[in-house]
Amino acid sequence: MNGQVDSPVIMAGSHIDSVPEGGMYDGVLGVLAPLECLRTMKEEGITPYYPIEVVSFNAEEGGLLGGTFGSRASMGEVDISNPIILEGFQRMGISPADLKASAIDHKKVRAFIELHIEQGGVLDAKGDSAWYRYGDRPYMPL
């Protein structure tokens with residue numbers, strides 16, 4: 001969604017794969033929630049100050065392509081010479097060029113927001129800081 005200012009975007013999203021103990025909202029809620037927010041903003045005629053983009057990562061929870069695959073691909077940090085990765089690409093009909101094209105220019109991203117409902121209670125109980133790193137940038141799951 002376009003913003004009032006021409007600025008780096010705010011990205012919001014999560015992943016669409018899950019794990020057996022991840023809970024029924026694991027990942028998918030983090031993709032659907034910002035989509036619903038944007039739909040509601042559009043219906044109400046609200047223009048955000050900063051542009052907003054929704055992202056959906058794949059293979060974050062493991063599998064053939066390894067964990068955090070989608071976010072690593074967005075950072076340009078996937079070794080495309082790895083034979084296991086190449087085999088996974090072939091199975092899914094993805095070329096190395098497709099992977100390179102999926103990298104995000106992070107200079108054009110102001111912030112990344114991720115709703116990850118099942119982690120909040122765990123972090124709170126442990127007393128851990130909710131700040132994490134996304135590449136070289138800090139972010140805070142909400």
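Count residues from 1 along the sequence. Values reported hereafter were calculated over all heavy atoms of this structure, with side chains retained and with hydrogens, waters and symmetry mates removed.
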List for me each residue that meets side chain to side chain donor-acceptor pair (under 3.5 Å) alongside Asp79, sequence neighbours excluded, and say none if there are none. Ser81
Can you list everything that forms a side chain to side chain donor-acceptor pair (under 3.5 Å) with Thr47? Sequence neighbours excluded, please. none
What residues form a salt bridge (charged side-chain N to carboxylate O under 4.0 Å, His left out) with Glu44, not counting sequence neighbours? none
Identify the heavy atoms of [X] and [Y] that sit nearest to each other, and give their distance.
X      : Y     : result
Leu115 : Ala33 : CD2-CB, 3.6 Å
Leu38  : Met1  : O-CE, 3.7 Å
Pro96  : Ile80 : CB-CD1, 4.1 Å

List, one per line, each side-chain donor-acceptor pair under 3.5 Å for residues 51-60, sequence neighbours excluded.
{"residue": "Glu60", "atom": "OE1", "partner": "Ser71", "partner atom": "OG", "Å": "2.8"}
{"residue": "Glu60", "atom": "OE2", "partner": "Phe69", "partner atom": "N", "Å": "3.4"}
{"residue": "Glu60", "atom": "OE2", "partner": "Gly70", "partner atom": "N", "Å": "2.8"}
{"residue": "Glu60", "atom": "OE2", "partner": "Ser71", "partner atom": "N", "Å": "2.7"}
{"residue": "Glu60", "atom": "OE2", "partner": "Ser71", "partner atom": "OG", "Å": "3.3"}

Might you confirm whether atom CG of Asp105 has over 12 heavy atoms from other residues, nucleotides or ligands at distances under 6.0 Å?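 Correct, the count exceeds 12.
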Over 12 foreign heavy atoms within 6.0 Å of CG, Asn82: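 Atom CG in Asn82 is packed in, count exceeds 12.
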State which residues pass side chain to side chain contact (heavy atoms under 4.5 Å, CB included) with Pro8; sequence neighbours excluded, sorted by chain then number.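 Applying side chain to side chain contact (heavy atoms under 4.5 Å, CB included) to Pro8 gives Arg110.
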Show me the donor-acceptor pairs within less than 3.5 Å that the side chains of residues 97-104 make with the rest of the protein, sequence neighbours left out.
{"residue": "Asp98", "atom": "OD2", "partner": "Ser95", "partner atom": "N", "Å": "2.9"}
{"residue": "Asp98", "atom": "OD2", "partner": "Ser95", "partner atom": "OG", "Å": "3.3"}
{"residue": "Ser102", "atom": "OG", "partner": "Leu99", "partner atom": "O", "Å": "2.6"}

Taking the side chain as C-beta and beyond, is there a heavy-atom pair between Arg39 and Leu35 under 4.5 Å?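 No, side chains not in contact.
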Taking the side chain as everything from C-beta on, heavy atoms only, tell me whether Pro48 gets closer than 4.5 Å to Met41.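 Of all side-chain heavy-atom pairs linking Met41 with Pro48, at least one is under 4.5 Å.
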What's the separation between atom OG1 in Thr68 and atom CE in Met75, rounded to the nearest 0.5 Å? 10.5 Å
Between Leu86 and Gln90, does a side-chain contact (heavy atoms from CB on, under 4.5 Å) hold up when you go through it step by step? CA-CA 6 Å; Leu86 289 174; Gln90 289 173 342; 5.6 Å; no
